[in-house]
Amino acid sequence: MTTAADATYAGPLVSLGVQRMPDGTIRERMLTSLRPKSGRIVGVRIVEATDSTWTMYVTLSWKTGEYLVSVYGSPKPKRYKHLAAAVAHCRDAYRYYGPIILETEKQEPLPHDELTSHQ
């Protein structure tokens with residue numbers, strides 16, 4: 001039987017003040033200082049959000065799936081104001097020199113006549 005206490009219990013890490021990462025998210029330090037010795041990034045996807053910031057997803061040799069890169073000490077995604085900064089960080093900090101996929105979440109604006117017609 002599940003009790004109210006069971007439903008609110010987040011596990012031993014949260015009770016010690018350590019935030020658990022959401023599935024599909026990886027802390028940046030796992031790509032730099034805590035990267036396994038033989039581990040490497042095998043793919044990068046950089047996505048432009050509707051607010052014109054950029055986030056990075058990585059595919060890793062030592063884990064399955066794609067991971068959103070988060071900032072140090074937080075589950076929040078690491079955001080870049082400029083695409084050039086994201087690419088430079090990928091090269092300089094993560095030592096990844098392979099292809100980078102670019103995507104956008106922005107939508108094409110409606111043509112002017114569709115904005116003004118009320119049919």
Side-chain angles (χ1 to χ4, degrees):
M1 182 169 137
T2 305
T3 66
D6 293 332
T8 58
Y9 178 70
L13 292 177
V14 174
S15 62
L16 293 174
V18 177
Q19 290 184 329
R20 180 173 261 132
M21 295 300 292
D23 288 342
T25 304
I26 191 165
R27 285 197 174 102
E28 183 174 39
R29 67 179 172 214
M30 290 300 296
L31 305 175
T32 55
S33 61
L34 297 179
R35 183 192 297 192
K37 192 171 191 166
S38 62
R40 60 188 188 87
I41 296 173
V42 295
V44 172
R45 182 169 62 99
I46 300 177
V47 180
E48 180 186 27
T50 55
D51 66 357
S52 296
T53 60
W54 299 84
T55 54
M56 189 179 308
Y57 293 81
V58 294
T59 307
L60 309 167
S61 65
W62 70 96
K63 288 179 164 259
T64 352
E66 184 179 59
Y67 296 87
L68 173 63
V69 179
S70 71
V71 296
Y72 178 80
S74 170
K76 293 181 181 178
K78 183 170 181 70
R79 295 191 177 276
Y80 300 87
K81 290 183 181 179
H82 304 284
L83 175 59
V87 172
H89 192 78
C90 184
R91 305 280 193 236
D92 299 340
Y94 306 153
R95 299 181 315 275
Y96 176 77
Y97 295 93
I100 297 174
I101 297 170
L102 299 178
E103 292 183 5
T104 185
E105 293 176 347
K106 290 185 174 183
Q107 299 294 317
E108 182 178 353
L110 294 173
H112 181 68
D113 58 335
E114 289 183 32
L115 291 174
T116 56
S117 66
H118 299 284
Q119 297 177 355

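When a residue number appears, it is its place in the shown sequence, counting from 1.
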Would you give the length of the straight line joining atom [atom1] of [X] to atom [atom2] of [Y], rounded to the nearest 0.5 angstrom?
X      : Y      : atom1 : atom2 : result
Ser52  : Glu105 : OG    : CD    : 11.0 Å
Met30  : Tyr67  : CE    : OH    : 10.0 Å
Thr25  : Tyr57  : OG1   : OH    : 8.0 Å
Lys106 : Thr50  : NZ    : OG1   : 8.0 Å
Asp51  : Lys81  : CG    : NZ    : 11.0 Å
Leu31  : Ile26  : CG    : CD1   : 5.0 Å

Considering all heavy atoms, the nearest [X]-[Y] contact:
X     : Y     : answer
Arg35 : Arg40 : NH1-CA, 3.9 Å
Thr32 : Ala93 : CG2-O, 3.6 Å
Pro36 : Trp62 : CD-CE2, 3.5 Å
Ser61 : Ser38 : OG-O, 4.1 Å
Pro77 : Val71 : O-CG1, 4.1 Å
Val69 : Tyr94 : CG1-OH, 3.5 Å

Side-chain contact, heavy-atom cut-off 4.5 Å: [X] with [Y]?
X     : Y      : value
Ile41 : Leu60  : yes
Arg91 : Ile100 : yes
Met56 : Lys78  : no

Note to self: Is the ring pair His89/Tyr80 parallel, tilted or perpendicular, if the boundaries are 30 and 60 degrees?
What the structure shows: tilted
Notebook entry, point to check: For atom OH of Tyr72, is the number of surrounding heavy atoms from other residues, nucleotides or ligands below 6.0 Å larger than 12?
Noted result: no
